[in-house]
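Contents: one structure, followed by commentary.
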Amino acid sequence: MNTVLHEVARQVASTPHAPAVVDAAGTRTYGELAAQAAAVAEGLRARGVRPGDTIAVALPRTGDHVAALLGVWQAGGVVVPLDPTSPPERTRFQREQAQVTHLLDSVPPPRGSAAVLATGDVGAEQCAYIMFTSGSTGRPKAVQVTHASLLHCVRAVAEILRPAPEDRYAANQTFAFDISLLEILLPLTHGGASLVTSEQLQADPGRLVAWLEGHDVSVVHATPTAWRSLLPYLTPGRTRLQAVCGGEVLTARLAAELAGRAGQVWNFYGPTEVTVWCTAGLVEPGEGDPLPVGRPLPGYRVEILDAGGDPVAGGVEGEIHVGGPGVAVGYRGAPDLTAERFVEHPRLGRLYRTGDVGRLLPDGRLHFAGRRDRQVQLGGYRIELGEIECVAQEHPLVELAAAQVVGGELLLFAQGPVTARALRKHLAAHLPISMIPPRIEVRAAFPLTVTKKIDRVALVASATGWEKT
Ligand code: AMP
């Protein structure tokens with residue numbers, strides 16, 4: 001039996017005085033983190049928490065959250081991280097969906113140091129956490145992931161990013177997004193440190209980047225949308241930096257801009273339902289759009305199936321299905337939805353149907369061709385909304401683009417100092433007439449989900465004054 005808790009415990013035993021977590025208030029060593037986690041576990045047991053209980057963790061952005069994670073797992077609990085900045089209605093919905101039994105909204109302060117991190121009541125087949133899908137296109141779903149899947153994913157990503165004791169990982173994602181687990185656990189299972197950014201820093205990208213670089217950050221995960229906001233502040237030529245992108249389409253232009261500021265630029269792909277990521281690839285210099293999302297991570301299987309559930313021939317487009325130990329248990333409290341999306345294939349075993357379209361390239365890399373529900377039929381033409389966005393983002397004054405169909409009409413939203421007229425001209429030079437949106441709206445800033453993806457639901461809902469071009 002092994003879990004991430006066991007792996008962190010090994011680091012506590014071997015380097016108790018090494019820095020483990022850095023936040024605005026200072027540094028916790030591995031030993032100090034272990035002591036604080038033990039206090040959290042003890043407090044939970046005193047409150048009657050039993051193995052299998054579901055604990056909502058809602059803490060400000062400090063190292064306390066890391067101690068809370070480890071402490072809940074020691075007590076055998078299931079972590080449901082909630083973002084304290086989320087609207088109360090979303091939080092209420094999440095607590096209900098996840099069937100939360102206890103709320104952890106404060107933890108004992110770090111005090112003293114421990115030589116051992118107890119692994120307590122944790123087991124590989126137990127559920128480690130429940131996290132919600134980003135909800136960028138619909139209602140968030142409560143995904144349940146076991147310790148075995150979490151450990152598998154952490155090890156698989158570690159084989160790619162190769163965390164080392166001198167690494168400093170930014171922990172800058174909302175704790176309610178599964179990427180935050182990698183920002184914390186990749187360093188802590190390898191003797192490195194996690195740099196937990198505060199809410200105040202997050203509100204000011206210039207100060208945020210200065211703080212991270214001042215603490216010698218070496219790995220940063222962010223969605224392409226979030227990278228856009230950090231980009232102007234990153235020091236050029238910091239070859240120590242590994243820039244990890246994922247969660248949305250990475251354009252070649254953004255990748256090239258990041259390459260001028262980092263030693264390596266990675267494109268990771270995966271839905272929450274397969275435990276954070278399932279494919280990864282290094283972006284090679286000079287590669288153009290569309291950038292592939294890399295190869296399956298160790299232990300993950302990617303199958304491209306047609307509408308009838310049969311594997312397609314090599315290079316043919318179909319729905320991306322994912323298999324392997326990273327595939328989640330299913331959605332909490334939603335057996336029908338679980339049965340619909342987590343399928344038992346007669347020859348290929350248990351697979352998660354992603355709803356994403358893709359094809360395998362001859363070199364084994366995966367090409368992501370958009371979400372199935374974003375391929376639309378308009379006026380007799382099949383239109384891939386992602387393709388319109390890609391072309392729009394090639395315009396030098398467009399930072400972000402989102403194409404949507406509302407009431408049967410194609411709409412394009414753009415963020416950046418571009419005019420609708422200039423963007424229309426650019427689209428007309430690159431796309432067939434059937435793909436040119438009759439309406440274009442330019443926005444100063446797009447609404448984002450808590451996971452820092454474009455919030456398409458909010459974007460469409462806020463569309464009022466259309467700029468006719
Ligand atoms: P979520 O589980 O809510 O974070 O969303 C997962 C979805 O984000 C995937 O199913 C894809 O549609 C999209 N996604 C994740 N990574 C990438 C990527 N590297 N490129 C394009 N889309 C991505």
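This one's a predicted model, so the numbers in the text were calculated from it and none came from an experiment. In listed order, ligands and their atoms are each counted from 1.
- Between Leu250 and ligand 1, no N or O atom pair is found at a separation short of 3.5 Å.
- If you number the atoms of ligand 1 from 1 as listed, the ones under 4.0 Å from a heavy atom of Phe368 come out as 11 (C), 12 (O), 21 (C), 22 (N).
- Thr223 places a side-chain N or O within 3.5 Å of a backbone atom of Lys452 that can act as its donor or acceptor partner.
- Checked against a 3.5 angstrom limit, the closest N/O atoms of Asp356 and ligand 1 fall inside it.
- Residue contacts with ligand 1 for Phe177 involve side-chain atoms from C-beta outward but no N, CA, C or O (heavy atoms, distance under 4.0 Å).
- For ligand 1, the atoms lying closer than 4.0 Å to a non-hydrogen atom of Thr272 are 1 (P), 2 (O), 3 (O), 4 (O).
- The atoms of ligand 1 that sit less than 4.0 Å from any heavy atom of Thr133 are 3 (O).
- Atom CD of Gln377 has more than 12 heavy atoms from other residues, nucleotides or ligands within 6.0 Å.
- Ion pairing of Glu273 with Arg341 is absent here, as no side-chain N (NZ or NE/NH1/NH2) approaches a carboxylate O to less than 4.0 Å.
- Look at Asp216 and Arg240 and you find a salt bridge, because one of the NZ, NE, NH1 or NH2 atoms lies within 4.0 Å of a carboxylate O, short of that distance.
- Contacts between Asn267 and ligand 1, counted as non-hydrogen atom pairs separated by less than 4.0 Å, involve the side chain only.
- When all heavy atoms of Pro205 and Tyr233 are compared, the closest pair comes out as CB-CE1, 3.7 Å.
- For Glu399 and Arg443, the salt-bridge test fails: no basic side-chain N is under 4.0 Å from an acidic carboxylate O.
- Under 4.0 angstrom from ligand 1, the non-hydrogen atoms of Glu248 all belong to its backbone.
- Checked by atom type and distance alone, the side chain of Arg353 pairs as donor or acceptor with a backbone atom of Glu340 at under 3.5 Å.
- Remark: the backbone N or O of Leu186 is paired with a side-chain donor or acceptor of His190 at under 3.5 angstrom.
- Sorted by first and then second residue, the salt bridge (Lys or Arg N to Asp or Glu O under 4.0 Å) pairs involving residues 382-395 (not counting sequence neighbours) are Glu317-Arg382, Arg374-Glu389, Glu389-Arg456.
- Every atom of ligand 1 with a heavy atom of Gly247 under 4.0 Å away is listed here by number and element: 8 (O), 13 (C), 14 (N), 15 (C), 16 (N), 17 (C), 23 (C).
- With a heavy-atom cut-off of 4.0 Å, Tyr269 touches ligand 1 through backbone and side chain alike.
- For ligand 1, none of its N or O atoms has an N or O atom of Thr354 under 3.5 Å away.
- Less than 4.0 angstrom separates some heavy atom of Lys453 from each of these atoms of ligand 1: 1 (P), 3 (O), 4 (O), 5 (O), 6 (C), 7 (C), 8 (O).
- A donor-acceptor distance shorter than 3.5 angstrom exists from the side chain of His395 to the backbone of Leu397, with no hydrogens or angles considered.
- Atoms of ligand 1 lying under 4.0 Å from at least one heavy atom of Val249, given by number and element, are 20 (N), 21 (C), 22 (N).
- Per-residue contacts place Gly270 under 4.0 angstrom from the following atoms of ligand 1 (heavy atoms of the residue considered): 6 (C), 15 (C), 16 (N).
- Among the atoms of Phe268, some N or O lies under 3.5 angstrom from an N or O of ligand 1.
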